[in-house]
Structures are given as C-alpha cells and as structure tokens.
Student: 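If you scroll down you'll find the structure; I have some questions about it.
Ligands are counted one by one from 1 in listed order, and the atoms in each one are counted from 1 as well. FYI, side chains are in, hydrogens and waters are out, and symmetry mates aren't considered; it's all heavy atoms of this structure.
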Amino acid sequence: MKRNRWICGVLWLALCALALGGCQGAERTGKSAVVVGFSQLGSESGWRIGNTASMEQAAKAHGFGLMLENANQKQEKQIAAIRSFISYRVDVIAFSPIVETGWTNVLNEARDAGIPVILTDRMIDAEDDDLYTAYIGADFLAEGLRAGEYLIRKADDMGAEHLNIVEITGTEDSTPMRDRQVGFLQAIAGDGRFTILESISGDFLRSKGEECMRYLLEKYGAEGIDVVYSHNVAMTLGALDVLEAAGVRPGQDIILISVDGEQAAVDALREGRINCIVECTPDLGETVMTMVEALVKGEEIPKEIQPEETVFTEFDDLTGLAPRGY
Ligand code: GZL
C-alpha cells in the first residue's frame, strides 16, 4: 500500500513538473523560473476560493510557477504537500495553516533544506519564530474588536438594556477563530448589557453554520437570542437560511454580525438581513508574490505584513462600494 502511495507521489510531482514547463524528475535541475509551492487548506468558503484565485493570479502576474495543493481541510495533507515541495526544491513555500499547532517537524525540514516559508492568511503557534520567514495575513484580533465595537454602537443606538448573544465560531485552534473571539470579548468586556449565552464551532462551513443556528434556535428560541456573531460569511449564510425558515427576520428580530465580506454578505447587508460585516480580505496574493520576488533576490522582508481592512455596517452609505469579486 505504502509503495503505491510513494509511486503516486512521484507521479504527481512529475506531472507538476511537466505542468511547470518540463522540469525533469521529482527534483528541479538547472535554473528554471521561480517556483512557489502553495499549500491551500481547502475550499470551505467563498473567502477561501477568492484567496486561492488571488494567489494564482499574482503568481501568473509575476511569471512564477505555482505548485498549488489543496488539502481539503486536512492538516496531514498540508504536511505532505510541504514535504513534496521540499523534495521538488521549490524556491519558496507558502501555506495557510488550517490550525496553529503541529507544524514544527515539517517546518524544521523546510529550514534544513534552506527553503523560506511564508505563512499566508493564518498563523502558527511556533515556539521558534525562525521556523517561518514571514506572516502575511489579517489582524484577527482587530477584526473581533471591530465586531464588538459595532455591537456597542448598535446597543447605544437601540437604547438596549440587555442583549443575549450566541457565537458561531470558525475552525477550532485556528488563528481567525481564536482571535476573532478574543477581540470580540475584549471589546464588550465590562459592559453589563451583554451576555454570551453560548459559543459553538461551525468550522467556517455553511452546512455547519446551519446546524449551529438550528441547535441554538431550538435551545434558546428566537425570543431568547438578540445577537448572532458569526466568524465568517459562509456560516452566516447558513444561519440566515435557518432563521428565515423559522419566520425570524434576520437584521431586525435578531442582529447579525459577520466577518469576511463576500458579495453575498454585502447584498444581504444592503437588504437589511445582516447588520454588520467586518472585512477580512482574501486578496493576499500580490503581497505574497512581491515578498517571494524579494526573497529570491536575497533581500530581507518584514516578519509580518497585515492588510488594511475595514467594517461595513447598517449605519454606512454603501452605494459607492465596489463589487467584492468573491
Ligand atoms: C480568515 C480565513 C478564514 C475566513 C473563512 O483569514 O482564514 O477561513 O474568514 C475561511 O471564510 O474559511
């Protein structure tokens, strides 16, 4: 069985090599164009699909070969992909770690091979931050703070005395899940108007967002829930389906706060079905590839680069907002 897997691995590498313009065998020989190995964690949301497209477009624009491996939400597949990039001797490895832990061994192997690693989108819990060259991704704590600051403004605007909150979180042990939760709690800390009834993981998936909302609605009733704080648009769209099927008017009967900012969410915001979208941009590709360009020239790059992000709320005039593109 193991032998078959090994053969498949070599064949896969050879196919990638051919796709990259005829590099021979499982290891690059001679000097070809810059090749980036990119392990993408999955295709779980519109955000993720937009992020992958951003990386592909930027690699093409820079004239880089891109070995893209989609792990379909499996950490072990990301680790295997990174090992194949090392075998192939790519110039730079980029990956979006699905969770923060479990990367030390494979990142030591990349360091021993002299291949720089860029963390894109999500962070790792590294004892030794020499295990990666740079982190290019959002400030998720700030995103959580923005969600909480919106809710405080909304409560003030409503003259609310007390609001019960339920939280549908992203993938457990992932950076966005942890920091969006911590930032939100920090923002509302000490404000006696807010109670978080329950926080459950929807794993950033629309289907699980539906399951979570159905469970919470059955447990607390529409009357018992004033606010839903959902860590991404995919889960929020699932929650909207459940709420509306139950005759609840999201955005009116229950306040909906989401993160990400796909077009579907902006449309729902304009329709009054979502109250607040904290932006998390998937457009990291150009920054990643610009840093790759610098690395292959032997230049130093910043240890951390975070994109500018904003927040869209029911209080804003959205008429000038350009199409989101994902
Ligand atoms: C955030 C990213 C998250 C998105 C989700 O940068 O890691 O993962 O918020 C996606 O949509 O699943």
Student: What's the verdict on side-chain contact (heavy atoms from CB on, under 4.5 Å) for Arg180 and Thr169, showing C-alpha distance, side-chain angles and the deciding distance?
Tutor: CA-CA 8 Å; Arg180 285 172 183 166; Thr169 72; over 6 Å; no

Student: Do the ring centers of Trp47 and Phe204 come within less than 6.0 Å of each other?
Tutor: no

Student: Parallel, tilted or perpendicular: which describes the rings of Phe184 and Tyr229, with under 30° parallel and over 60° perpendicular?
Tutor: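 Taking Tyr229 first and then Phe184, their aromatic rings lie parallel (interplane angle under 30°).
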
Student: If you compare all heavy atoms of Lys154 against all heavy atoms of Ile255, which two are closest, and at what distance to 0.1 Å?
Tutor: CG-CD1, 3.8 Å

Student: Mind checking what residues have non-hydrogen atoms under 4.0 angstrom from ligand 1?
Tutor: Glu44, Ser45, Trp47, Arg48, Asp121, Arg122, Phe140, Pro176, Arg180, Phe204, Asn232, Asp260, Cys280

Student: Tell me which one of Leu185, Asp226, Val227, Ile152 satisfies side chain to side chain contact (heavy atoms under 4.5 Å, CB included) with Phe194.
Tutor: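 Looking at Leu185, Asp226, Val227, Ile152, the match for Phe194 under the side chain to side chain contact (heavy atoms under 4.5 Å, CB included) is Ile152.
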
Student: Counting heavy atoms not belonging to Glu161, are there more than 12 under 6.0 Å from its CD?
Tutor: no

